[in-house]
2 protein chains.
Amino acid sequence: MRFNALKRDIHGISQKVLSQVLKNLERDGLILRTAYPTVPVTVEYSLKPLGTTLIEAVSSLTHWAETHMSEIQAAQHLYDASKA
Amino acid sequence: MRFNALKRDIHGISQKVLSQVLKNLERDGLILRTAYPTVPVTVEYSLKPLGTTLIEAVSSLTHWAETHMSEIQAAQHLYDASKA
DNA sequence: CTGCATCCAATTGGATACTG
DNA sequence: CAGTATCCAATTGGATGCAG
C-alpha cells in the first residue's frame, strides 16, 4: 500500500501523523517499508507477520466495540437523563 | 473496589485522571458506582457485566503485548542500529 | 474519603511551506 | 510522491487547594 493510498483510506488523518505512525510501526517491526528508486520515488508499505498478528488481536476489540456500541449509547442516554 | 484502592493499584495515575476515567466508565455502563451515606462518604466501584466483557476483549491485546514485547524491542534495536 | 475547580506545563496534532 | 520542518492551537494531565 502506498503512502497516499493510506492517507486516503484513513479518513481524516494528517500527513504528519501518518508519517509518524508509519515510522513507529516500521521501527517496531510491524510493517515493512520498501522504497523503489523511481522518479519520483515510490514507497510501498506492507504488513510483516508480527503486524498481522496485532491486527488479529485488535480485531477482537473492534468487534467488541461494534457489537456493544448501541448498548453503550443507551447507557449514556440513561446517565445523562438521570443527571439532568 | 474503593477509590483510593484503585488509585493505589493503578500505579502513577493522578486523582484527576482516575476521577475522569471512572465517571466515563460509569456513564458508558461499564462500571457501577455505589455511594454509602457514611461520614465520610464511602464509594464502591464494581464491574457491570458489560465491563467484564470489555476486560476479556482487552485481555487478548494485553496478552499480545506481553508475548511480543521482546520481539518488538529487538526490532527497535535493529532499526536504531541501522540508522546510526 | 471522594471528589471538583483551578492553574500551569507538556504533549499532540493540524496547517502550511518546502525538498529530493 | 513521500516525506520534513516549522508554527501554532487545542488537548491532556499533574499539582494544589478546597468542599461535602
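Not measured: the values here are computed from a predicted model. Per chain, numbering begins at 1; letters A, B, ... match sequence-line order.
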Separation of D/dG3 P from A/L22 CG (nearest whole Å): 7 Å
Stepwise side-chain contact (heavy atoms from CB on, under 4.5 Å) test for A/F3 and A/V43: CA-CA 7 Å; A/F3 184 90; A/V43 177; 5.6 Å; no
Nearest-neighbour nucleotide for the B/V41 side chain, D/dC1, D/dG3, D/dG20 considered: D/dG20
Sugar-phosphate, base or nothing in reach of B/K23, heavy atoms under 4.0 Å: sugar-phosphate
4.5 Å side-chain heavy-atom contact, A/T42 and A/R2: yes
Touch class at under 4.0 angstrom, heavy-atom based, for B/Y45 against every strand present: sugar-phosphate
Atom-to-atom span, CE of A/M1 to P of D/dA2 - whole angstrom: 12 Å
Test item: A/L50 and A/D28 side chains (from C-beta on) under 4.5 Å apart, heavy atoms: no
Of A/V17 and B/V43, the one whose closest DNA chain C nucleotide lies more 5': B/V43
Positional range of nucleotides in DNA chain C within the contact set of chain A, heavy-atom, under 4.0 Å: C/dG13 to C/dG20
Between B/E71 and B/H68: side-chain donor-acceptor atoms closer than 3.5 Å: yes
Value in whole Å for how far the C1' atom of D/dG3 lies from CG of A/L18: 10 Å
Side chain to side chain contact (heavy atoms under 4.5 Å, CB included) partner of B/L47, chosen from B/T53, B/T52, B/L54: B/T52
Spacing of A/Q20 atom CD relative to D/dA2 atom P, expressed in whole Å: 18 Å
Rounded interatomic separation in angstrom, taking CZ from A/R33 and P from D/dA2: 9 Å
Side chain to side chain, B/R27 and A/I72, heavy atoms closer than 4.5 Å: no
Residue mapping more 5' on DNA chain D - nearest nucleotide basis, B/P40 or B/K16: B/K16
